[in-house]
Amino acid sequence: MRCSRRSTTWLASASAVLLALCSSHALAGSREAAEPAVRLAMVRAIRARMGQAAAVRLDDVKVALAAPADWATLQCAVEPGARLGRPVRFTLTAEQERAGRRTRTRVGHALASISVAIDHVRTARAVPRGHVLTASDLNLIDGEVSHVSLAPLPVLADLAGARAVRDLRVNEILTTQIAKLPPLVRSGDTVRTHAIIGFVEVTGAAVAQQSGRRNDRIRVINPQSQRLMTGVVTGPGEVEVLHEK
């Protein structure tokens, strides 16, 4: 059969519509398969920011996918400036099969309202700017936090001796933005180090090359080998070694 220009154009248009519908159905099915993985990855991303003990609730979850992928490899990254008390946006990445190779690529984004419950510290009374906090100024609370950045909250032991950087209201959640914490490790201190090598925990001693608070990365040096190492401050005079140079 001979096709006219008009019939050829119609066939091309129909093919395009059919392809779009097929792609739409494939992506819809992909979205259904992806949503549980997205929710799990979102919870993991929040706990990586707030602490593994955090109880996380997700509400009003909206997922937008650009392409299907291996959802078992899905990861969520919290976008900069995220705070509790307003919708949080996540960038989604996952592995895709391309030309026989697996590559990680951006596959969409998600938006959700996040509720987090975790141990945290609040002011027991109003505190003026510049005041050095003592135990009587602080209350340890196990409950929901809101209107704070998605970042680790200081623990009670770290806040004694911290200085208020502004006037604080009663029952205000304490963060590292409003309470200047004293360092747990000071440059020149001899610190206790520990590292996990395979299934073995190795402990030792090193000299801090930088000062740092809990969760800060600092450099330490092995006094015997003079080997420079990077570690994370985990407590007063305590550093977990991450890698060696």
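We use all heavy atoms of the structure for the numbers below, so side chains are in, but hydrogens, waters and symmetry mates are not.
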Item checked: Minimum heavy-atom distance Ile178-Arg166, with the two atoms named -> CG2-NH2, 3.4 Å

Margin query: So does Gly85 get a backbone contact from the side chain of Ser146, meaning a donor-acceptor N/O pair under 3.5 Å?
Written below: no

Check: Has the side chain of Thr193 got a donor or acceptor atom that lies under 3.5 Å from a matching backbone atom of Val239?
Finding: no

Margin query: Against Ile173, only a single residue in Ile141, Leu84, Leu168, Val145 fulfils side chain to side chain contact (heavy atoms under 4.5 Å, CB included); can you say which?
Written below: Val145

Margin query: Surrounding CZ of Arg104 (heavy atoms of other residues, nucleotides or ligands, distance under 6.0 Å), is the total greater than 12?
Written below: yes

Checklist line | Salt-bridge present (Arg213, Asp158; N to O < 4.0 Å) | finding: no

Checklist line | Side-chain H-bond candidate by donor/acceptor type, Thr134 with Ser136, under 3.5 Å | finding: yes

Item checked: Any donor-acceptor N/O pair, Asp189 side chain to Val191 backbone, under 3.5 Å -> no

Next item on the list: State the CE-CD1 distance between Met229 and Ile221, to the nearest 0.5 angstrom.
Entry: 8.0 Å

Notebook entry, point to check: Got a salt bridge between Lys62 and Asp60, using NZ or NE/NH1/NH2 to carboxylate O under 4.0 Å?
Noted result: no

Margin query: As an exercise, state the distance from NE2 of His147 to OG1 of Thr175, rounded to the nearest 0.5 Å.
Written below: 14.0 Å

Next item on the list: For the pair Arg102 (side chain) and Gln96 (backbone), establish whether a donor and an acceptor sit closer than 3.5 Å, ignoring hydrogens and angles.
Entry: no

Notebook entry, point to check: Transitively linked via ILVMFWY side-chain contacts under 4.5 Å: Val148 with Val127?
Noted result: no

Next item on the list: Could you tell me whether the side chain of His131 and the main chain of Arg129 form a donor-acceptor pair under 3.5 Å?
Entry: no

Note to self: Taking the side chain as everything from C-beta on, heavy atoms only, tell me whether Val233 gets closer than 4.5 Å to Asn215.
What the structure shows: no

Margin query: Using a 3.5 Å distance criterion without hydrogens, assess whether the side chain of Thr123 forms a donor-acceptor pair with backbone atoms of Glu172.
Written below: yes

Notebook entry, point to check: Would a 4.5 Å heavy-atom cut-off, applied to side chains only, mark Gln210 and Asp216 as touching?
Noted result: no

Check: Under the salt bridge (charged side-chain N to carboxylate O under 4.0 Å, His left out) test, which residues partner Arg89, sequence neighbours left out?
Finding: Glu79

Notebook entry, point to check: Rounded to the nearest 0.5 Å, what separation is found between the CD atom of Glu144 and the CD1 atom of Ile118?
Noted result: 12.0 Å

Next item on the list: Spell out, yes or no, whether Leu159 and Val165 are grouped together once hydrophobic residues are joined by side-chain heavy atoms under 4.5 Å, including indirect joins.
Entry: yes

Check: For the hydrophobic clusters of this structure (ILVMFWY residues joined by side-chain heavy atoms under 4.5 Å, transitively), does one cluster hold both Phe90 and Val56?
Finding: yes

Next item on the list: Return the minimal non-hydrogen interatomic distance between Ala206 and Pro223, and the atom names on each side.
Entry: CA-CD, 3.9 Å

Notebook entry, point to check: Out of curiosity, does Val88 fall in the hydrophobic cluster containing Leu65 (side-chain heavy atoms, cut-off under 4.5 Å, transitive links)?
Noted result: yes

Item checked: Rounded distance [0.5 Å steps], CG in Leu184 versus CZ in Arg214 -> 5.5 Å

Checklist line | Hphob cluster co-occupancy, Leu140 + Leu153, side-chain heavy atoms under 4.5 angstrom | finding: no

Notebook entry, point to check: When you measure from the side chain of Thr73 to the backbone N and O of Glu95, does any donor-acceptor pair fall under 3.5 Å?
Noted result: yes

Check: What closest approach, in Å, do Ile218 and Gly212 show between heavy atoms, and which atom pair accounts for it?
Finding: CG2-CA, 4.0 Å

Checklist line | CG on Asn171 to CZ on Arg125, rounded to 0.5 Å | finding: 14.0 Å

Atom pairs and distances, donor-acceptor, side-chain atoms in residues 36-51, under 3.5 Å, two or more places apart:
{"from": "Arg47", "atom 1": "NE", "to": "Ala54", "atom 2": "O", "distance (Å)": "2.9"}
{"from": "Arg47", "atom 1": "NH2", "to": "Ala54", "atom 2": "O", "distance (Å)": "3.4"}
{"from": "Arg49", "atom 1": "NH1", "to": "Leu150", "atom 2": "O", "distance (Å)": "2.9"}

Note to self: Is it the case that the side chain of Arg217 and the backbone of Gly231 share a donor-acceptor pair, with hydrogens and angles ignored and the cut-off at 3.5 Å?
What the structure shows: no

Note to self: For the residue pair Arg192 / His194, report whether a side-chain donor-acceptor contact shorter than 3.5 Å exists.
What the structure shows: no

